[in-house]
Structures are given as structure tokens and as C-alpha cells.
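For reference, the structure discussed in these notes is given below.
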Amino acid sequence: MAFYMFDVDGVLTDENARPDKEVVKMIEKLATEGHILSFVTGRSRGWLSDHLFPLFDDEIDWSSLYCVSEHGAIKGRGTDISSWELDEEYVIADEVKDKLYKVSQKEQYDGLIQWDQTKESMGTVEAVHGDPGNKEHLKKTREALQEYADDVDSISSKSGNKTVVSTYGVDVIHPDLSKKLERRGLLMKSNLPIKCLFLEIAAAIWLWL
């Protein structure tokens, strides 16, 4: 038995944030072999429930799946997101979200980034994905994400939060949240021999770095 840990964006999804069916098959194979699986992501539980979990084989027992979403603000096990817990300590203020939202509505971002309504603890914009293979649109969305991140940096810092730029979006989150810390915490909780864990993870480490 081994412990496998995966990010979602750019790992389980393609450049247009669509889950990769071949990677899903690999996840299912690991699950049927009895390995312990975990997802550590900045994505919301709503996104996972709407876009990723419906692709999973219902015949497989997913109750042992560890899930950490929104950089650690929400945690749970299995694919029933209603049982996951949101830590209120990590929810940024509504007034901060309102300011971030207003910035996201600037005309210069139209068609390139959009406000993520599914996030519960943070303020997030996501790239508006174009047609598959449209490299020019992809380039423009990435430039817009960085411009937005620079645009909201003062709002983020003055409110005591931090800005995180990811593959497909920009999150303004509580300063104590970190996917890296959550990964380390899950490893310590897995109860598997550390040597075994890192031997197994090393083989798949390209999947989530």
C-alpha cells in the first residue's frame, strides 16, 4: 500500500481545466489496488463535485479519499462534499471579497478572467478558457491573471491576506493557508512508513510539482 498525493490543476486537468480521462483511469486503478489517495488543491469542493467526481467509477469505494480544497480551508474524505468541513478561521472578510470582485469586473479583463462563484473561503478569479489549442488566447489569459494579481496586491496585503497565482487563476487567501503545508500534514497523518511513502511518491512526483 502507498500514499499518492495529487494537485488538480495542470495535473488532473489539461490547459483548459478539463479533467484528463486517462489520468482519471490511473486514479481509479490506484484506488482499486488499495492505495490511499489524496487531492490537495486550490479548487473549491463545488468544482470537484461538478467536474471531477462525476467521472469516477461509482463501483469503487472512494470513502478513504483524502480531499483538501481551497488551499486547506476545506477538508474532508470521500466524494460526498456535504460532509467536508470549512474552517471559518480561514474565511476572508466579505468586504475584501467585494473589493476584489469589483476589480475583476474592469473592462480590460472582459473575456479573459472571471469571478469564481464557487469559492467559500477566498476571493478568486479564473481564466476564461478558449478553444483547445488557441495559444494566443491562453497567452492573453495568463497575462490578464498576472495583471489582476498586481492590481489586487494592495487590497490583499492591507487586509492581512496573501495573493497566490496558480495555473488557471488568482486566489486571495488567508496568510496561513498553504498547499505545501497541507501536503506535509497529510503525509504525517497517513500512518504509512515514511520510507515507503517517499519511494512511492518519488515515482509519481512529476504529477504534482
Side-chain angles (χ1 to χ4, degrees), residues 7-19 39-54 67-76 81-82 84-182:
D7 199 337
V8 173
D9 285 342
V11 177
L12 305 185
T13 63
D14 62 17
E15 65 182 19
N16 290 299
R18 299 173 305 185
F39 298 147
V40 182
T41 179
R43 287 285 184 181
S44 69
R45 56 178 162 182
W47 188 94
L48 293 173
S49 181
D50 290 342
H51 299 281
L52 184 60
F53 294 161
C67 291
V68 176
S69 66
E70 299 198 22
H71 297 276
I74 301 174
K75 300 174 185 176
I81 64 170
S82 65
W84 298 8
E85 295 184 359
L86 168 65
D87 191 332
E88 296 290 345
E89 177 185 351
Y90 297 127
V91 178
I92 67 172
D94 286 341
E95 62 184 40
V96 175
K97 291 181 183 179
D98 289 342
K99 291 178 182 179
L100 297 170
Y101 174 77
K102 288 178 181 178
V103 175
S104 75
Q105 300 306 296
K106 287 184 177 181
E107 185 177 352
Q108 69 207 61
Y109 299 130
D110 187 38
L112 297 173
I113 63 175
Q114 61 188 357
W115 186 255
D116 186 344
Q117 300 281 1
T118 70
K119 292 295 180 73
E120 300 171 63
S121 69
M122 59 189 66
T124 298
V125 295
E126 182 181 0
V128 174
H129 302 290
D131 296 328
N134 189 337
K135 301 296 184 183
E136 182 62 26
H137 181 79
L138 182 63
K139 178 175 180 288
K140 288 180 178 180
T141 60
R142 289 180 175 171
E143 290 173 349
L145 287 172
Q146 187 56 61
E147 185 177 347
Y148 172 83
D150 294 339
D151 221 359
V152 301
D153 188 59
S154 61
I155 298 174
S156 177
S157 59
K158 287 179 181 178
S159 61
N161 297 298
K162 66 180 180 181
T163 305
V164 178
V165 182
S166 59
T167 309
Y168 308 120
V170 177
D171 302 316
V172 172
I173 66 176
H174 189 282
D176 293 338
L177 289 179
S178 166
K179 287 193 290 185
K180 188 176 294 186
L181 291 176
E182 292 301 329

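Heavy atoms only: backbone and side chains are in, while hydrogens, waters and symmetry mates are out.
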Ser104 side chain near Tyr148 side chain, heavy-atom distance below 4.5 Å
yes

Thr141 vs Tyr168, side-chain contact (heavy atoms from CB on, under 4.5 Å): CA-CA, chis, key distance, verdict
CA-CA 9 Å; Thr141 60; Tyr168 308 120; over 6 Å; no

Minimum heavy-atom distance Val165-Ala149, with the two atoms named
CG2-CB, 3.6 Å

Which pair of heavy atoms, one from Pro54 and one from Asp50, lies closest together, and at what distance?
CG-O, 3.5 Å

Going from CG on Leu112 to CG on Leu138, what distance comes out if it is rounded to the nearest 0.5 angstrom?
11.0 Å

Any side-chain heavy-atom pair from Asp131 and His137 closer than 4.5 angstrom?
no

A quick test of your reading: do over 12 heavy atoms of other residues, nucleotides or ligands sit less than 6.0 Å from CD of Gln108?
yes

Rounded to the nearest 0.5 angstrom, the CD1-OG1 distance for Ile173 and Thr163 is 9.0 Å

Working to the nearest 0.5 Å, report the span between SG of Cys67 and CH2 of Trp84.
3.5 Å

Over all heavy atoms of both residues, which pair between Gly123 and Ile92 is shortest? Give the atoms and the distance, please.
N-CD1, 3.5 Å

Side chain of Lys119, backbone of Gly42: donor and acceptor closer than 3.5 Å?
yes

Flag if over 12 foreign heavy atoms under 6.0 Å of NZ, Lys106:
yes

Tyr90 ring center near His71 ring center (under 6.0 Å):
no

How many angstroms lie between atom CE of Met122 and atom NE2 of His174, to the nearest 0.5 angstrom?
11.0 Å

Considering residues, nucleotides and ligands other than Lys162, do more than 12 of their heavy atoms fall under 6.0 Å from its NZ?
yes

Specify whether Phe39 and Phe53 have parallel, tilted or perpendicular ring planes, treating 30° as the upper limit for parallel and 60° as the lower limit for perpendicular.
parallel

Quick one: pull up NZ in Lys97 and CG in Asn161 and give me the separation to the nearest 0.5 Å.
10.5 Å

Would a distance-only check, ignoring hydrogens and angles, find a side-chain to backbone donor-acceptor pair under 3.5 Å from Ser49 to Arg45?
no

Side chain to side chain, Leu86 and Ser121, heavy atoms closer than 4.5 Å:
yes

Is there a side-chain contact between Val170 and Ile113 in this structure, where contact means two heavy atoms from C-beta onward sitting under 4.5 Å apart?
no

Would you confirm whether Ser159, through its side chain, and Ile155, through its main-chain N or O, come within 3.5 Å as a donor-acceptor pair?
yes

Would you please say whether a donor-acceptor pair under 3.5 Å links the side chains of Thr124 and Asp171?
yes

Take Asp7 and Thr167 through the test side-chain contact (heavy atoms from CB on, under 4.5 Å) and record every step on the way to the result.
CA-CA 11 Å; Asp7 199 337; Thr167 309; over 6 Å; no

Distance from Trp47 atom CH2 to Glu70 atom CD, nearest 0.5 Å?
13.0 Å

Are Glu143 and Lys139 ion-paired here, with the side-chain N under 4.0 Å from a carboxylate O?
yes

If we only count heavy atoms from C-beta on, is the Val8 to Leu48 side-chain gap below 4.5 Å?
yes

